[in-house]
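Down below is the structure, laid out as structure tokens.
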Amino acid sequence: MKAYINSFESFGTKDGPGIRFVLFLQGCPLRCRYCHNVDAWNLQHPNYIYTSEEILEEVNRVKVFLTGGITISGGEPLLQADFVKEFFQLCHKNGIHTALDTSGYIFTEKVKEVLEETDLVLLDLKHIDSEKYYDLTSVNLSPTLEFLEYLSKTQKDTWIRYVLVPGYTDDVEDLKRWAEYVSKYSNVKRVDILPFHQMAIYKWEKERKNYTLRDVLPPTKEAVRFAENIFLSYGLPVYTE
């Protein structure tokens, strides 16, 4: 089975525990306003096409430096669920920890099979208000909430990530609602607040897509700390540097 791949990162430190090999798959049904991999949206235009075995060869070249394992991200990796399942099975045969970075938007029986081979889920819960979520992503929120409920039911270790975008995801009441909602899930082992940044503008320009957040400034350190404190007040395991 072959994967449509956007890019690789050999020494990732932000996508799961330890130093990890990160595989960014091509294709995504979401159209997030702040997407930093807009060049990964179209499934039919990958930069690479590899088999599971060929990717494992790439991993083995740097395996001595990997203290964590491998993470599959995107795009939305669950668009290629069959491949992810096969590759994670191969990873486990070779004693490699597996992590899946997903929006949770695709939730099918095949996805449940992928989760059986997944050691850790990194779930991007981008907003708690359904209308604001749709405005940010162009898709509905309910599949992601169902996905999170299933992760809880199966007690799958989960890290949840939240991008703090001034004017879009920093409303105090929304932050409180988000924190209250997430706090009921005991399988959530870590929460990361990721400050919005403008480092992907060049990708939007290259892809000739309409970037609507061009004038939005990154949140201040004080704004990030304020959001963290709200999450902490609800007992969430917020990771702070």
Side-chain angles (χ1 to χ4, degrees), residues 1-30 37 40 42-125 143-144 146-161 185-190:
M1 189 172 296
K2 294 185 177 181
Y4 286 16
I5 300 168
N6 179 266
S7 60
F8 303 90
E9 184 177 349
S10 298
F11 303 104
T13 59
K14 303 293 185 181
D15 298 285
I19 300 172
R20 307 183 70 83
F21 187 96
V22 186
L23 180 64
F24 296 91
L25 297 189
Q26 192 77 12
C28 187
L30 280 69
N37 285 331
N42 192 331
L43 179 63
Q44 302 305 318
H45 293 94
N47 292 322
Y48 312 94
I49 300 177
Y50 281 22
T51 66
S52 293
E53 290 77 13
E54 288 169 338
I55 297 169
L56 187 61
E57 288 179 10
E58 297 292 327
V59 174
N60 285 336
R61 289 191 178 99
V62 296
K63 190 175 180 180
V64 66
F65 302 105
L66 301 179
T67 62
I70 188 163
T71 299
I72 294 187
S73 185
E76 172 47 66
L78 292 175
L79 273 179
Q80 302 184 56
D82 287 333
F83 163 77
V84 178
K85 176 185 174 182
E86 176 187 275
F87 183 63
F88 277 181
Q89 287 174 333
L90 185 60
C91 288
H92 283 152
K93 288 179 182 178
N94 287 270
I96 301 173
H97 180 276
T98 61
L100 175 72
D101 180 10
T102 178
S103 67
Y105 178 67
I106 301 174
F107 185 44
T108 64
E109 292 303 313
K110 283 187 177 181
V111 167
K112 292 179 182 179
E113 293 176 7
V114 172
L115 292 174
E116 291 178 4
E117 305 296 336
T118 304
D119 297 315
L120 173 69
V121 173
L122 310 177
L123 181 64
D124 302 312
L125 182 53
T144 296
E146 292 174 11
F147 189 94
L148 177 56
E149 189 68 30
Y150 183 78
L151 295 178
S152 174
K153 178 182 177 181
T154 57
Q155 281 298 291
K156 181 68 63 177
D157 284 353
T158 301
W159 293 5
I160 299 189
R161 308 204 284 187
Y185 294 107
S186 62
N187 63 305
V188 174
K189 306 303 181 183
R190 171 168 157 171

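From a predicted model like this one, the values you see are computed outputs, not experimental measurements.
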Give a yes or no on this: more than 12 heavy atoms of other residues, nucleotides or ligands lie within 6.0 Å of atom [atom1] of [X].
| X | atom1 | answer |
| --- | --- | --- |
| Lys14 | NZ | no |
| Phe83 | CZ | yes |
| Lys2 | NZ | no |

How close do Phe24 and Ile5 get, counting heavy atoms only, and between which atoms?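 In terms of heavy atoms, the two residues are closest at O-CG2, 3.6 Å.
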Closest heavy-atom pair and its distance - Asp119, Lys156: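 Taking every non-hydrogen atom into account, O-CD, 4.2 Å.
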side-chain hydrogen bond (donor to acceptor under 3.5 Å, both in side chains) between Tyr48 and Gln26, intermediate numbers included: CA-CA 9 Å; Tyr48 312 94; Gln26 192 77 12; over 6 Å; no
Please confirm whether the backbone N or O of Val121 pairs with a side-chain atom of Thr118, one donor and one acceptor, at under 3.5 Å?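 Such a contact is absent between Thr118 side chain and Val121 backbone.
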Which distance, rounded to the nearest 0.5 Å, do you find between the CG of Leu151 and the CG of Leu120?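 Here the rounded value is 10.0 Å.
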How far does CG of Asp15 sit from CG of Leu100, to the nearest 0.5 angstrom?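 Rounded to the nearest 0.5 Å, the CG-CG separation comes out at 11.5 Å.
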Tell me whether the rings of Tyr150 and Phe107 are parallel (<30°), tilted (30 to 60°) or perpendicular (>60°).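 Correct class here is tilted.
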Can you tell me how the ring of His92 sits relative to the ring of Phe88, calling it parallel under 30°, perpendicular over 60° and tilted otherwise?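 His92 vs Phe88 ring planes: tilted.
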Go through the side-chain N and O atoms of Asn187 and Gln155 and say whether any donor and acceptor fall under 3.5 Å apart.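 No.
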If you apply the rule ring-ring contact (aromatic ring centres under 6.0 Å, His included), what do you find for Phe8 with Tyr50, and how did you get there? CA-CA 11 Å; Phe8 303 90; Tyr50 281 22; 5.4 Å; yes
Would Thr98 and Glu117 count as a side-chain hydrogen bond (donor to acceptor under 3.5 Å, both in side chains) if you check the C-alpha gap in whole Å, the side-chain angles of each, and the deciding distance to 0.1 Å? CA-CA 8 Å; Thr98 61; Glu117 305 296 336; over 6 Å; no
Salt-bridge contact Glu113-Lys110 (side-chain N to carboxylate O under 4.0 Å):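 No, Glu113 and Lys110 are not salt-bridged.
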Strictly below 4.0 Å, N to O, side chains only: are Arg161 and Asp101 in salt-bridge contact?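 Yes, this pair counts.
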